[in-house]
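This report concerns only the one structure given below.
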Amino acid sequence: MTEYQLPKAYDFKSTEPRVYEMWEKGGYFKPSNDPNKPDFDPTRKPFVISIPPPNVTGELHLGHVMFVAMEDLMIRYQRMKGIPTLWVPGTDHAGIATQLQVEKDLLRTEEVTREELGREKFVERVWQWKVKYHDIITGQIRRIGASCDWERERFTLDDGLSKAVREAFVRLYEKGLIYRGPRLINWSPGLKTAVSDLEVEYSEEPGKLYYFKYMLAPETSEASKTSEDYIPVATTRPETILGDTAVAVHPDDERYKKFVGKKVIVPMLGREIPVIADEYVTRDFGTGALKITPGHDPNDYEIGQRHKLPALSMLDREAKVTEIGGPYAGLDRFEARKKLWADMKAAGLVIKEESYTLNVPRTQRGGEIVEPMVSEQWFVKIAPLAKAAEMAVRDGRIKIIPERFEKVYYNWMENIKDWCISRQLWWGHRVPVWYCDDCGEQTCARIDPLLCAHCGGKNIHQDPDVLDTWFSSGLWPFSTLGWPEETPDYKYFYPTTMMETGYDILFFWVARMIMDGLEFTGQVPFSTVYLHGLVRNEDGQKMSKSKGTGIDPLPVMEEFGTDALRFTLLVGSTPGNDTNLSLKKVEGNRNFANKIWNAGRFVVSAINSVQAAAKGEHDWSLADSWIWARLQFTVREVERLFQAYQYGEAGRQVYEFFWNDFADWYVETAKLQMAEGGDRAFYTAQTLARVLDISLRLLHPLTPFVTEELWGHLRKALLGSPLADLAKDWPQALIVAPWPEVRPEEKWEAGKTTDFALVQEVIRAIRNLRAEKKVAPSRRIPATLVGGSKAALLEEQSGVIAALAGLDPAQVSMVASLPAKPENAVALVAGPVEIYLPLSGMIDLDQEKARLQKELSDTDAQITRLEKLLGSDFANKAPAAVVQKERERLAAFKETAAKLKAQLG
RNA sequence: GGGCGCAUAGCUCAGUUGGUUAGAGCGUCUCUCUUACACAGAGAAGGUCAGGGGUUCGAGUCCCUUUGCGCCCACCA
């Protein structure tokens, strides 16, 4: 006999790393059908996920745990179904984020700026950083249990992906979809780079609306010298007055009609600018007159284009006033605002200031106020790509879950603007364009050129800018598989199956992958997009490192185990909805993992106690049939819910099955059956083992570590026991054990589940009364059960009932009927069963009567309700099955009522 | 300005083709160291499913509307 001394509490700390190493070393993460191997079968359709690559910035957060939990669940489920699965891991160089971190680090530790270090040296330092933090983050992803194929790991800046980026850029360039030019872009003065529209976040902040006078220029003011010699204008950014090139009014605005075509004087600078008419102006906002700064405002820029106004750059890259600002040149934008306003006040040009709530644009990364300015940048002409990407979702080639995000996606695609892809950074893919100093032409090339493609001159230099991080991320699903090469991996695993990520990067990433996938590979990059919600803290606040409201996943995993955290995130969420993580929940799920473990310990000890195999067919007890039926139901439900992407609900169902049905009820009855010994013990151990086995398989995608560990013990225990046959075909590890299927051929019957439910009801009724009457739990009491049509069932189950309800087996009598009501006994009614507990000395007759009376009136209320229901149109219009169900319930209630009435005499 | 989500037990949340006694965990209360587990077991209390209207035999679930909270997009100076 093999004995296992499993520890009382599941020790996840030592188990998790050991189990993960076993998986990784065992090669279980690699696809079962590898196109690079000789036995490759191209007809087997794979299931593929590209990981959302974590940044190499060294911050593990709950978002990572969330996507690993979700994707690992999907991958493990498919893998157990025998489908070749590939989960491609990797990391993202994360241009701005990483460069900022390294810059900060350098300044802190060595007190050098990147400029002092120089580009080449700085980039070297970032690579060093990358190596370090890559190891940290991938170590942490492993720690969460990600079963991805690490041998296929990629980095957005590695050679292969750089080649893919180059290829993509050149193709777009050659197609004319990439262009360079001066445009109004979002400039981050702190980061000193352009950022895309998506990287700008707006926050409501208190500010002021400044009203001032635009004086009419002298030579045209003759006619209205005395009364109307200025146009009142309002602005939230007075410093931009320095860059004004017009004042606009609505063409139909009677107040200002006479000014249109005339000139006004820019305060403090004396420049003359025209008054123009444009329908963009809202008459009833502010003063109804709008100052136009084409160089520093997107709307003004457009108006400027329409009216051919010059766009003056009155701010430089550090947001200091340029020489355009005359006397204010060199001042910071906010100092300039103050000084200019003060000067205007002194000059009598100020009308008033008003409190005003501003919508301030700030950069997503640095957080400082973005300054719109005109700058020479690279852009992708996005409309053609967007159209195709929109269609792919509209025609169903890509499905987004939850569906409501499809609308959001369409809306974005339809209103998309060209994408500014150049960044004035050093860390990233360099723009593959060279400028010729001789002829001035551009050379865009896949391989670094030595000569100008136009004049053949040698004096060429590469564009200093790098590409937006998301430019390379957009290629991720195919670049990681070898594109642009037609590698075996690319041919077999692309297009991928599932894109699972947070809804917050739908535009940043998902949309761009779809556009790029269609453009470069001619195929959708994945067929399903599953968007999970964001993980918030207990108060529902967005977790933020700067605000200190974040929960660090590592200590949580340290305290409660990875399974507990994963299970909490999966079960606590519905697709697309945010979830608040509370440590109480994680603790509860730690308890669940421990429950699994301990139920497993019991099963293993039961297996170990079996002396010999039984011969002949399996003899099913009522409890055996019931638990098996419940298990089959759960298997079917989990399968249905997994298919419908309702992972949380699936988790809840297994949880309930395992804890309530298996651990609380079946294990308790199994103890009695084990005690019988002989064949009964064998069959019971067999049922325990089979139910545990299948439960562990169902749970494995949700709680991989504890299930793997326990399953290993179960397998070993079985193989060393008379039950060895059960496990003889099992694989070495649960991670590759076949996914459970419903097996209806077994000898259980649906009717048995209601029989067991009745037994449970009888037991509960007795327990309930005992607790109510404060009968000591250790006290065994006599009972008489009147079973009516179910008398035989009660007789058969009397052992179970007695043991679980605390009855004295020697004083229990099961009868079909009683000639007379027993004296001095408390009566209970459980369905068709009457229970008499002769609790002499404990009965308060009036109290008893009141209890029964209440039960009767509750039952009568139900009868009345159902009779009314069945007498209504319901009987005609509702489906027959539903009506039938209600009829049966009514009959049951009537029976109970009759019994209760008899009791009350 | 446009769009979306949420509002269910004290707390955190499930409840996905509308089916009639609305569930769980935590917390609370009572009891129990019963040989898998006190990270446990047994029992109990607790909800007019935000308000109003409608559709239907039947609404937590579908439609309209009001209120409150949150998010996304756009960015009227």
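Residue numbers start from 1 in every chain, and the chains themselves are labelled A, B, ... in the order their sequence lines are given, proteins ahead of strands.
Using a 4.0 Å cut-off, no side-chain N or O of Asn411(A) falls inside it from OP1 or OP2 of G2(B). Applying the 4.0 Å criterion to OP1 and OP2 of C11(B), one finds that Lys584(A) has every side-chain N and O outside that range. One finds a side-chain N or O of Asn580(A) lying less than 4.0 angstrom from the OP1 or OP2 phosphate oxygen of C13(B). In terms of phosphate contacts, Tyr356(A) brings no side-chain nitrogen or oxygen within less than 4.0 Å of OP1 or OP2 of C76(B). Between Lys417(A) and A74(B) there is no side-chain N or O to OP1 or OP2 distance below 4.0 Å. OP1 or OP2 of C39(B) has not a single side-chain nitrogen or oxygen of Trp597(A) nearer than 4.0 Å. Contact between the side-chain N/O atoms of Thr574(A) and the OP1/OP2 oxygens of A14(B) is found at a separation under 4.0 Å. The phosphate of A40(B) (OP1 or OP2) has no side-chain N or O of Asn594(A) nearer than 4.0 angstrom. In this structure, Lys291(A) does not reach the C76(B) phosphate: none of its side-chain N or O atoms is under 4.0 Å from OP1 or OP2. Between Lys407(A) and C4(B) there is a side-chain polar atom (N or O) within less than 4.0 angstrom of OP1 or OP2. For Tyr280(A), a side-chain nitrogen or oxygen approaches OP1 or OP2 of C76(B) to under 4.0 Å.
Following rounding to the nearest Å, Ile505(A) (CD1) and C72(B) (P) show an atom-to-atom distance of 14 Å. Summarising the geometry, the separation between CG on Leu570(A) and P on U12(B) is reported as 22 Å, rounded to the nearest angstrom. Summarising the geometry, the separation between CZ on Phe508(A) and P on C72(B) is reported as 11 Å, rounded to the nearest angstrom. Look at CG on Asp284(A): it is 13 Å from C1' on A77(B), rounded to the nearest Å. What separates CG of Leu569(A) from C1' of A14(B) is a distance of 16 Å, to the nearest Å. If you measure from atom CD of Gln643(A) to atom C1' of U16(B), you get 15 Å, rounded to the nearest angstrom.
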Check: Is there a salt bridge (Lys or Arg N to Asp or Glu O under 4.0 Å) between Glu239(A) and Arg333(A) once you walk through the steps?
Finding: CA-CA 7 Å; Glu239(A) 71 279 11; Arg333(A) 52 183 162 163; over 6 Å; no
Next item on the list: Step by step, work out the salt bridge (Lys or Arg N to Asp or Glu O under 4.0 Å) result for Glu639(A) and Arg636(A).
Entry: CA-CA 5 Å; Glu639(A) 181 65 16; Arg636(A) 202 177 310 124; over 6 Å; no
Checklist line | side chain to side chain donor-acceptor pair (under 3.5 Å) between Thr293(A) and Lys291(A), intermediate numbers included | finding: CA-CA 7 Å; Thr293(A) 324; Lys291(A) 60 188 270 318; 3.0 Å; yes
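Each of A77(B), U32(B), G41(B) was ranked by its minimum atom distance to the side chain of Pro777(A); first place goes to U32(B). Distance from the side chain of Lys585(A) is smallest for U12(B) among the nucleotides C37(B), A77(B), U12(B). In the set A40(B), A77(B), A36(B), A77(B) carries the atom at the smallest distance from any side-chain atom of Thr235(A). Here A24(B) is the nucleotide among A77(B), A24(B), C37(B) with the atom lying nearest to any side-chain atom of Glu656(A). For Arg590(A), counting side-chain heavy atoms from C-beta on, the closest listed nucleotide (C37(B), G15(B), C39(B)) is C39(B).
For C31(B), the base has no donor-acceptor partner in the side chain of Lys774(A) [N/O atoms by modelled type, under 3.5 angstrom]. Judged by distance alone with a 3.5 Å cut-off, a donor-acceptor contact links the side chain of Asn359(A) to the base of C75(B).
Among the heavy atoms of the strands, none lies under 4.0 Å from Glu587(A). Using a 4.0 Å heavy-atom distance criterion, Ala593(A) is classed as making no nucleic acid contact. Using a 4.0 Å heavy-atom distance criterion, Asn299(A) is classed as a sugar-phosphate-only contact. Residue Phe507(A) is in sugar-phosphate contact alone, with no base atom involved, counting any heavy-atom pair closer than 4.0 Å across all strands shown. Among the protein residues, Lys885(A) comes within range of the sugar-phosphate backbone only, with heavy atoms under 4.0 Å from sugar or phosphate atoms but none that close to a base. Across all strands shown, Lys8(A) has heavy atoms under 4.0 Å from sugar-phosphate atoms exclusively, and none from any base. Across all strands shown, Thr236(A) has heavy atoms under 4.0 Å from sugar-phosphate atoms exclusively, and none from any base. Within 4.0 Å of Val667(A), counting heavy atoms only, lies at least one base atom of the nucleic acid.
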Distances under 3.5 Å between nitrogen or oxygen atoms of protein and nucleotides 5-10 of chain B:
none

Shorter than 3.5 Å, N or O on both sides, protein versus nucleotides 42-49 of chain B: list them out with atom names.
residue, atom, partner, partner atom, Å
A42(B), O3', Arg767(A), NH1, 3.4
A44(B), OP1, Asn768(A), ND2, 2.9

Would you tabulate the nitrogen or oxygen pairs shorter than 3.5 Å linking the protein to nucleotides 55-57 of chain B?
residue, atom, partner, partner atom, Å
C57(B), OP1, Lys877(A), NZ, 2.3

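In this structure, Arg767(A) satisfies the cation-pi test against Trp665(A), with its NZ or CZ atom closer than 6.0 Å to the six-membered ring centre and inside 45 degrees of the ring normal. With a 6.0 Å cutoff to the six-membered ring centre and a 45° limit on the axis angle, Lys208(A) does not count as a cation-pi contact of Tyr356(A).
Nearest heavy-atom pair across Tyr301(A) and Pro294(A) is CD1-O, 3.2 Å. In plain terms, the two heavy atoms of Pro575(A) and Tyr530(A) that are nearest each other are CG-OH, 3.5 Å. When all heavy atoms of Phe508(A) and Arg512(A) are compared, the closest pair comes out as O-CD, 3.0 Å.
The 5' end of RNA chain B is approached more closely, in terms of each residue's nearest nucleotide, by Arg652(A) than by the other of Glu886(A) and Arg652(A). Along RNA chain B, the nucleotide nearest to Phe602(A) and the one nearest to Thr357(A) differ in position, and the one closer to the 5' end is contacted by Phe602(A).
Between the side chains of Thr562(A) and Glu16(A), at least one donor N or O sits under 3.5 Å from an acceptor N or O.
The shortest distance between side-chain heavy atoms of Trp412(A) and Tyr410(A) does not fall below 4.5 Å. With a 4.5 Å cut-off on side-chain heavy atoms, Ile596(A) and Leu696(A) count as touching. Under the 4.5 Å side-chain criterion, counting only non-hydrogen atoms from C-beta, Tyr655(A) is in contact with Phe567(A).
Using P as the reference atom, C49(B) and A22(B) are 10 Å apart when rounded to the nearest Å. Comparing C11(B) with G19(B), their C1' atoms are spaced 31 Å from each other, to the whole Å. Remark: the separation of the P atoms in G23(B) and G15(B) is 15 Å, to the nearest Å. On the P atoms, A40(B) is 27 Å away from G47(B), given to the nearest whole Å. Rounded to whole Å, the separation between the C1' atoms of C26(B) and G5(B) comes to 26 Å. To the nearest whole angstrom, the two C1' atoms, one in C31(B) and one in U12(B), are 28 Å apart.
Here Ser695(A) contributes atom OG and Leu688(A) contributes atom CG; the two are 10.5 Å apart, rounded to the nearest 0.5 Å.
Pairing of C71(B), defined by two Watson-Crick or G-U wobble distances under 3.5 Å, is identified with G3(B).
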